[in-house]
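Below: one structure, written as structure tokens.
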Amino acid sequence: MKLIDYQENIKNYNDYPLDLGPYYLILGAQQSLGKLSERLKDILKDNEGIMNEKDKLNISIAIGDILYYLISISN
């Protein structure tokens, strides 16, 4: 899927209170970045930086959440 297609699909998926404007989205992006940082920190600390398949999936999901928020903000 191209980024422009993803951006168009996001427009149809607004599950946040629209009256809050970009503030909700900015806080969501910040929270998702924090989760990603925490997951990466745990991998470095507990697994000496080696990612297993579950770690890779969790990292991919976290990056997807961040992408969702950034595209929603830009829309």
| said: Using 0.5 Å steps for rounding, measure from the OG atom of Ser32 to the CG atom of Leu67. | reply: 11.0 Å

| query | Are the charged groups of Glu38 and Lys41 less than 4.0 angstrom apart, N to O? | reply | no

| field | Minimum heavy-atom distance between Ile50 and Asp55, given as atom pair plus value | value | O-OD2, 4.0 Å

| Linking I/L/V/M/F/W/Y whenever any side-chain heavy atoms sit under 4.5 Å apart, do Leu25 and Leu70 land together? | no

| Do you reckon Leu20 sits in the same ILVMFWY cluster as Tyr68, going by side-chain contacts under 4.5 Å, direct or chained? | yes

| Does Ile73 share a hydrophobic cluster with Ile71, counting links as ILVMFWY side-chain heavy atoms below 4.5 Å and allowing steps through other members? | yes

| message | Is any side-chain heavy atom of Lys35 closer than 4.5 Å to one of Ile66? | response | no

| field | More than 12 heavy atoms from other groups under 6.0 Å of CD on Gln30 | value | no

| message | Leu40 vs Met51, test: side chain to side chain contact (heavy atoms under 4.5 Å, CB included). Steps then yes/no. | response | CA-CA 9 Å; Leu40 291 172; Met51 286 192 220; 4.3 Å; yes

| task | Consider only side-chain heavy atoms of I, L, V, M, F, W and Y, link residues closer than 4.5 Å, and tell whether Ile43 and Leu33 are in one cluster. | result | yes

| said: Distance check, rounded to the nearest 0.5 Å: Gln31 atom CD versus Leu27 atom CG? | reply: 8.5 Å

| task | For the pair Asn58 and Lys54, evaluate side chain to side chain contact (heavy atoms under 4.5 Å, CB included) and give the outcome as yes or no after the intermediate values. | result | CA-CA 6 Å; Asn58 286 333; Lys54 184 179 177 184; 3.9 Å; yes

